[in-house]
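A short worksheet on the structure shown next.
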Protein chains: 2
Amino acid sequence: MTISDVARAAGVSPATVSRVLNGVGTVAPELADRVRKAAADTRYVPNSNGRALRRRVSDVWAVIVSDVQNPFFTGVVAAIERVAVDRGFSVVLCNSDEQVARESEYLRLAAAQHLAGLVIAVASEVESDLRTAADIPAVVIDRRVHDHLGDSVMVDNRLAGRLAADHLLEQGFRRIACITGPSDVSTTEDRLAGFRARLSEAGAPIARKWIRRANLRAEGGEAALRAILRGGDLPDAVFATNGPLTEGAYQALQAEGIAIGAEVGLIGVDDDHWTRMVAPQVSVVQQPVAEIGRLAGELLANRAARGPGPAQQIVLTPTLLARGSTRGH
Amino acid sequence: MTISDVARAAGVSPATVSRVLNGVGTVAPELADRVRKAAADTRYVPNSNGRALRRRVSDVWAVIVSDVQNPFFTGVVAAIERVAVDRGFSVVLCNSDEQVARESEYLRLAAAQHLAGLVIAVASEVESDLRTAADIPAVVIDRRVHDHLGDSVMVDNRLAGRLAADHLLEQGFRRIACITGPSDVSTTEDRLAGFRARLSEAGAPIARKWIRRANLRAEGGEAALRAILRGGDLPDAVFATNGPLTEGAYQALQAEGIAIGAEVGLIGVDDDHWTRMVAPQVSVVQQPVAEIGRLAGELLANRAARGPGPAQQIVLTPTLLARGSTRGH
DNA sequence: GCTTGATGAGAAATCGATTTCTGGAGGCTA
DNA sequence: TAGCCTCCAGAAATCGATTTCTCATCAAGC
């Protein structure tokens, strides 16, 4: 079913059908009615490849995230969608699953389709390469990318680390471990950096053996915590630098029968629902999830509307939520 | 940067560039090298609108789900992606957010782009209309749709309800409530139906006032449980028919200081991580998440490869996971 | 030495929509 | 009534890739 079929059915030219359906130019009301009727009767769906080819742009945004199963990202995506729907865009979500190769494939796809915009949380600060999609407006969120100078919405992750350290120190913890991600993920890396810096300042530098890197899934966090336990020397508190890692750390402590809070304190990042459902509740550094998504969406919409111009780099502030898992030492 | 630019740079015709990059036909090795070099030098990304227009099909699948924030769906999507990547397809995820209008928009988009395939969990059994995308191979998952006869992967949800009922009866519960979703969502509706049927058979029919419908988010489950509490007459157990509803019910019970298991039993659906992290752990009817996604992906790949043929309707079996939240009555 | 066939690569048609170009009909002014 | 606009709608060009058509070249076979 093409525009020519509709044109034939309505007894007009394809040009007229296009004009009616897009509301551009002037068409006699009577003809317009005939066209609309024909389009409805034939269940005509315009081929967006033809349209995008001619128009040279689509009305779809892609959001590429590194882990669709992480509630932080789905929360951000939901907020982006709200803005997009509001401005008449559609959003498709792509999951790179922390793999640079899959990310590149999605970037290629976005560029090849000449999408209207792109929001991306990269898989790797050093290896990710956004040049493939350099032609379409992009907003980088959550994680920094090597030499990207465009719009971005980030959180002050060094501060996040400092907040966690401050809190643990205040609560009297001193023998502190950290479970964090690969060194090419800027978020977890910055949180570790801020955390370390604060502990060093306080004269309680973190022991090298107590810094554990893991892949950014619950399994990674769990394995890392078990590795710490196997070391024999038990820390009195643990900082996990993202949501899934926190979850994994919690599960390992629980499985080993260690009293969270009393024996070993635990503080995490990202306020997923479960943190308030367990006992004791888990202290976390919270990121402004909805705000990140909203701002990313608005930045993208503005960039698309206003064209090139000075890049905006927004940095938001995290918040400490102190709870039972870091009390009772 | 178009194929003609590359052709000019390599000193050949566009046809030759196309042949080289797609590996079809025969091209002299020397020319081929020149083309490949020119394509690399110019960072040429083929316009997929032009390509899809001519080829009449793309290599992208869309997965439309009703709630990206529900771990059940993201789990299924991750499994579909594994199959897709394996077969050389890309997957984009679309979130209808339980809204038929947004779902239609995504269906229109999928049809307009002539995507290679579609996997969908509909927003409404009665209102969702897949005819818009009738031209592309589709697999329906999770929820039934009014008069859809194509491929599908479902779970025996009446059995899921019966398993929950059986277990509660066995544990000695008799005054039982149910928190479920809108009546046009077949999954929660079937679970309720199976649950009711089993309780009636056992001579302990569920009281009408103890059947609460809620929107399918944690807030909905929480509100529904509070409504039951406000009724004054406390049930001795509650069945929540999906993941977020279970979460909400748990939160409400906990907030009200009701001892889960001892005072009020709780059984849910979907084995999200938190169910094993809380105390007591929550009993659930588990769906084979990865299996659903894998089968949906394979069904779609086969359909695309083999063309029309008899539809396959796969029904999987849920499993009961009995835990502390339904003990101790 | 001439015919036949295979091979390689450019020219041109094609996909389906949008947009520019073009021309006819009708209204207005001088 | 001639001349000029304006308005409307069809014809045709265009977007960028793929694929069919066409033709030139060269080798093999008789």
Side-chain angles (χ1 to χ4, degrees), chain A residues 1-39 42-60 108-116 132 135-136, chain B residues 1-36 38-39 42-60 108-116 132-133 135-136:
Chain A
M1 196 50 54
T2 74
I3 198 169
S4 303
D5 297 325
V6 177
R8 208 166 308 124
V12 300
S13 74
T16 300
V17 175
S18 174
R19 283 191 272 256
V20 172
L21 298 182
N22 292 296
V24 302
T26 44
V27 175
E30 183 222 359
L31 279 198
D33 283 345
R34 250 162 54 206
V35 168
R36 270 187 286 267
K37 180 161 186 323
T42 55
R43 296 191 149 273
Y44 169 61
V45 180
N47 181 322
S48 55
N49 297 123
R51 154 184 289 226
L53 182 56
R54 178 66 226 230
R55 285 228 179 132
R56 322 175 84 116
V57 67
S58 78
D59 54 358
V60 175
R108 201 190 53 69
L109 208 65
Q113 298 194 6
H114 292 260
L115 295 189
T132 311
D135 291 339
I136 66 184
Chain B
M1 197 51 54
T2 73
I3 198 170
S4 303
D5 297 324
V6 178
R8 209 167 307 127
V12 300
S13 74
T16 301
V17 175
S18 175
R19 284 191 271 255
V20 171
L21 298 182
N22 292 295
V24 303
T26 44
V27 175
E30 182 222 359
L31 279 199
D33 283 344
R34 251 162 53 206
V35 168
R36 269 187 287 269
T42 55
R43 296 190 149 274
Y44 168 61
V45 180
N47 181 323
S48 57
N49 297 121
R51 153 183 289 223
L53 182 57
R54 178 66 226 232
R55 285 227 178 133
R56 321 174 86 118
V57 67
S58 77
D59 55 358
V60 175
R108 200 190 53 68
L109 208 65
Q113 298 194 8
H114 292 260
L115 295 189
T132 311
D135 291 338
I136 66 185

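Here is the naming used below: chain letters follow the sequence lines, and residue numbers restart at 1 for every chain.
Listed for the A/Asp33 side chain is no donor-acceptor partner under 3.5 Å among the backbone atoms of A/Glu30. Remark: the backbone N or O of A/Ala112 is paired with a side-chain donor or acceptor of B/Ser48 at under 3.5 angstrom. Side-chain atoms of A/Asn47 come within 3.5 Å of backbone atoms of A/Asn49 as a donor-acceptor pair (strictly under, hydrogens ignored).
Between the NE2 atom of A/His114 and the P atom of C/dA17 there is a distance of 19 Å, rounded to whole Å. Following rounding to the nearest Å, B/Arg54 (CZ) and C/dG16 (P) show an atom-to-atom distance of 10 Å. A straight line from CG of A/Asn49 to P of C/dT18 spans 12 Å, rounded to a whole angstrom. Put simply, CG on A/Leu21 is 13 Å from P on C/dT19, counting in whole angstrom units. In this structure, A/Glu30 atom CD and D/dC8 atom P are separated by 13 Å, rounded to whole Å. Residue A/Ile3 contributes atom CD1, which lies 11 Å from atom C1' of C/dT19 at whole-angstrom precision. Distance CZ (A/Arg8) to P (D/dG10): 14 Å, rounded to an integer number of Å. We find that CZ of B/Arg55 is positioned 14 Å from C1' of C/dT14, with the value rounded to whole Å.
Between B/Arg108 and A/Val45, the closest side-chain pair of non-hydrogen atoms falls below 4.5 Å.
Residue A/Ser13 places at least one side-chain N or O closer than 4.0 Å to OP1 or OP2 of D/dG10. Contact annotation: A/Asn47 side-chain N/O to C/dC15 OP1/OP2 distance is not under 4.0 Å.
Of all nucleotides listed (C/dG16, D/dT19, D/dA9), D/dA9 comes nearest to the side chain of A/Leu31. The listed nucleotides are C/dT19, D/dT19, C/dA9; the one nearest the side chain of A/Ala15 is C/dT19. The listed nucleotides are D/dG16, D/dA9, D/dA17; the one nearest the side chain of B/Arg51 is D/dA17. Ranking D/dT20, D/dG16, D/dA17 by closeness to the B/Arg19 side chain, first place goes to D/dT20. Checked against C/dA9, C/dT18, D/dA17, the side chain of A/Ser18 finds its nearest nucleotide in C/dT18. Side chain of A/Val27, nearest nucleotide from D/dA17, C/dG10, D/dA9: D/dA9. The side chain of A/Ala28 lies closest to D/dA9, out of C/dG10, D/dG16, D/dA9.
Along DNA chain D, the nucleotide closest to B/Thr16 and the one closest to B/Leu53 are compared, and the more 5′ of them pairs with B/Leu53. DNA chain C is contacted by both A/Asn22 and B/Gly11; B/Gly11 maps to the nucleotide lying nearer its 5′ end (nearest heavy atom per residue).
Taken from CD1 in B/Ile3 to OG1 in B/Thr16, the straight-line distance is 9.5 Å, to the nearest 0.5 Å.
Nucleic acid contact for A/Val12: sugar-phosphate only, since backbone atoms but no base atoms lie under 4.0 Å from a heavy atom of the residue.
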